[in-house]
Amino acid sequence: MSQEASPRGTFLKIADVVRAEIDAKPEMAELPSAAELMREHGVSRGVALRVFDVLEKEGRAERVPGGRWRVIRPGQERDRRPLAELVAEVIRSDNLNVGDKFPSASTLATRFGVSRPTMAKALDKLEAAGLLSASQQGKQRTVLALQGRGESS
């Protein structure tokens, strides 16, 4: 990206590039990080953050607390609740009971269109809330409590 001042605004030009990338890649679920935008376009963090603001105002992206910005596709309805709440709903939607095996982080990451580390954070929150067993290598998580079915969590 050129270092000379742009009458349109560098952040708007970068937003155009990111928007075109979203349109060209239907599988794209997350925006590049601010660091990636800074490195790729040679801009400051402030400029990169303004790119996210533009895409958010257009309804093309949304903030994900503790994670990358999520892509929103035109006409795509998304549940705006925190990821941990959406994952907790899996217990109800999949008719799981106490002691049942819970889907893996990889399976859930694919199902919700997020990265595995982002899903791991959501699962850690459910573990801390007492809904799921602790994560152990080679051992699948299990349901410890039912939320919203008359049982307290």
J.: Taking all heavy atoms of Leu31 and all of Met28, pick out the closest pair and write down the distance.
T.: CA-CE, 4.1 Å

J.: I'd like to know whether Phe11 forms a side-chain contact (heavy atoms from CB on, under 4.5 Å) with Val54, so could you lay out the CA-CA distance, the side-chain angles of the two residues, the decisive distance to 0.1 Å, and finally the verdict.
T.: CA-CA 8 Å; Phe11 71 99; Val54 167; 3.5 Å; yes

J.: Shortest non-hydrogen contact from Ala105 to Leu123?
T.: CB-CD1, 3.7 Å

J.: Can you tell me if Arg50 uses its side chain to pair, donor with acceptor, with the backbone of Ala15 under 3.5 Å?
T.: no

J.: What is the minimum heavy-atom distance between Val90 and Pro103, and which atoms define it?
T.: CG1-CG, 4.1 Å

J.: Examine Met38 and Leu12 and state if one hydrophobic cluster contains both, with Ile, Leu, Val, Met, Phe, Trp and Tyr joined whenever side-chain heavy atoms are less than 4.5 Å apart.
T.: no

J.: Using only atom types and a distance under 3.5 Å, with no angle test, would you say the side chain of Arg73 pairs donor to acceptor with the backbone of Pro26?
T.: yes

J.: Would you confirm whether Glu36, through its side chain, and Ser33, through its main-chain N or O, come within 3.5 Å as a donor-acceptor pair?
T.: yes

J.: What donor-acceptor contacts under 3.5 angstrom involve side-chain atoms of residues 112-122, with partners at least two apart or in another chain?
T.:
from: Ser115; atom 1: OG; to: Thr118; atom 2: N; distance (Å): 3.2
from: Ser115; atom 1: OG; to: Thr118; atom 2: OG1; distance (Å): 2.8
from: Lys121; atom 1: NZ; to: Gly66; atom 2: O; distance (Å): 2.8

J.: Look at Asp16 together with Lys13 and state whether they make a salt bridge at an N to O cut-off of under 4.0 Å.
T.: no

J.: Would you find more than 12 non-hydrogen atoms of other residues, nucleotides or ligands less than 6.0 Å from Arg111 atom CZ?
T.: yes

J.: Could you pull out all donor-acceptor pairs under 3.5 Å where a side-chain atom in residues 125-140 meets a protein atom, sequence neighbours excluded?
T.:
from: Glu127; atom 1: OE1; to: Arg141; atom 2: NH1; distance (Å): 3.2
from: Ser133; atom 1: OG; to: Thr142; atom 2: N; distance (Å): 2.8
from: Ser133; atom 1: OG; to: Thr142; atom 2: OG1; distance (Å): 3.4
from: Gln140; atom 1: NE2; to: Phe102; atom 2: O; distance (Å): 2.8

J.: Quick one: which of Val17, Val47, Val18 gives a side chain to side chain contact (heavy atoms under 4.5 Å, CB included) with Leu37?
T.: Val18

J.: So which atom in Ala34 and which in Leu49 form the shortest heavy-atom distance, rounded to 0.1 Å?
T.: CB-CD2, 4.4 Å

J.: With a 4.5 Å heavy-atom cut-off, do Val71 and Glu21 have their side chains touching?
T.: no

J.: Are the side chains of Ser44 and Thr10 in contact, using a 4.5 Å heavy-atom criterion?
T.: no

J.: Between Trp69 and Glu56, is the side-chain contact (heavy atoms from CB on, under 4.5 Å) condition met? List the steps.
T.: CA-CA 9 Å; Trp69 283 73; Glu56 182 179 37; 3.6 Å; yes

J.: Decide whether Leu146 and Leu86 are clustered together by the hydrophobic rule: side chain heavy atoms of Ile, Leu, Val, Met, Phe, Trp, Tyr closer than 4.5 Å, transitively.
T.: yes

